[in-house]
Number of protein chains: 2
Amino acid sequence: MQDRLSQTFSALADPTRRAMLARLSLGEANVSDLAEPFLDEMSLPAVTKHLQVLEKAGLITKTRKAQWRSCKINGDGLKDAADWMEQYRVFWEESFDRLDAYLKTVTGKKGDDNV
Amino acid sequence: MQDRLSQTFSALADPTRRAMLARLSLGEANVSDLAEPFLDEMSLPAVTKHLQVLEKAGLITKTRKAQWRSCKINGDGLKDAADWMEQYRVFWEESFDRLDAYLKTVTGKKGDDNV
């Protein structure tokens with residue numbers, strides 16, 4: 001069985017599932033509205049499967065509202081993955097500092113005439 | 001073929017590969033030193049395969065130093081995934097605000113006697 005963090009990253013490793021999260025970042029949506037834009041390229045069971053992966057990974061929650069099943073983003077599920085990423089921030093900021101230093105040298109050489 | 005972001009998240013979806021990144025966050029390491037702690041539970045080819053996944057996903061880079069092959073973290077590879085996560089920050093901060101509000105209510109009810 002996958003550990004929680006692996007399950008989260010695994011769920012995020014798919015462009016359809018990330019597109020679903022992007023849609024849900026605009027607000028709650030019921031399953032059929034959420035599925036609709038994806039039905040040109042895949043079947044409803046395939047869409048449902050993607051939603052199940054997101055739900056099992058704790059990235060979305062489903063609630064029943066009258067006859068609708070509504071989906072929304074579960075922030076806590078994303079937080080653990082974001083916290084994990086955060087501890088590596090120094091590595092990309094370091095790269096950017098180097099890039100910045102390099103760009104300053106280049107700009108300096110060209111006499112700041114290429115703004 | 002997987003898109004870049006999917007490849008990154010997929011590479012992160014494994015505890016061994018995350019442990020390798022954690023080791024590399026302490027500094028560059030040659031392949032044999034990096035492999036050593038994992039050889040109790042898996043073969044050297046399995047370790048090498050994990051390193052290849054990290055390298056293909058752009059999360060580490062390998063360089064040759066004299067007769068050693070040295071690995072280090074590639075910050076830029078992590079940055080894209082971190083940027084993607086960042087756009088969802090509001091969702092977990094929102095959850096924590098709600099938790100905070102709830103905790104204040106609970107503390108208030110108990111007359112602040114349980115610090």
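In the text below, chain A, chain B and the rest are named by the order of the sequence lines, each starting its count at 1.
Residues passing the side chain to side chain contact (heavy atoms under 4.5 Å, CB included) test with Gln87(B), sequence neighbours excluded: Trp84(B).
Residues from residues 20-51 of chain A that place a non-hydrogen atom less than 4.5 Å from a non-hydrogen atom of chain B comprise Leu21(A), Ala22(A), Leu24(A), Ser25(A), given in numerical order. Contacts from residues 3-12 of chain B to chain A, taken as heavy-atom pairs separated by less than 4.5 Å, involve Asp3(B), Leu5(B), Ser6(B), Phe9(B), Ser10(B), Leu12(B) in sequence order.
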Let me check something: any side-chain donor-acceptor pairs from residues 52-63 of chain A under 3.5 Å, sequence neighbours excluded? List them with distances.
residue	atom	partner	partner atom	Å
Glu55(A)	OE1	Lys62(A)	NZ	3.4

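Here the shortest heavy-atom pairing between Ala81(A) and Met85(B) reads CB-CE, 3.7 Å.
Taking CD1 of Ile73(A) as the reference point, atom OH of Tyr88(B) lies at 5.5 Å (rounded to 0.5 Å). Remark: Asn74(A) CG to Phe91(B) CZ distance equals 11.0 Å, nearest 0.5 Å.
Across Pro15(B), Ala82(B), Ala13(B), Gly77(B), the residue that shares the most heavy-atom pairs under 4.5 angstrom with chain A is Ala13(B).
For Arg18(B), the parts lying under 4.5 angstrom from a heavy atom of chain A are both the backbone and the side chain.
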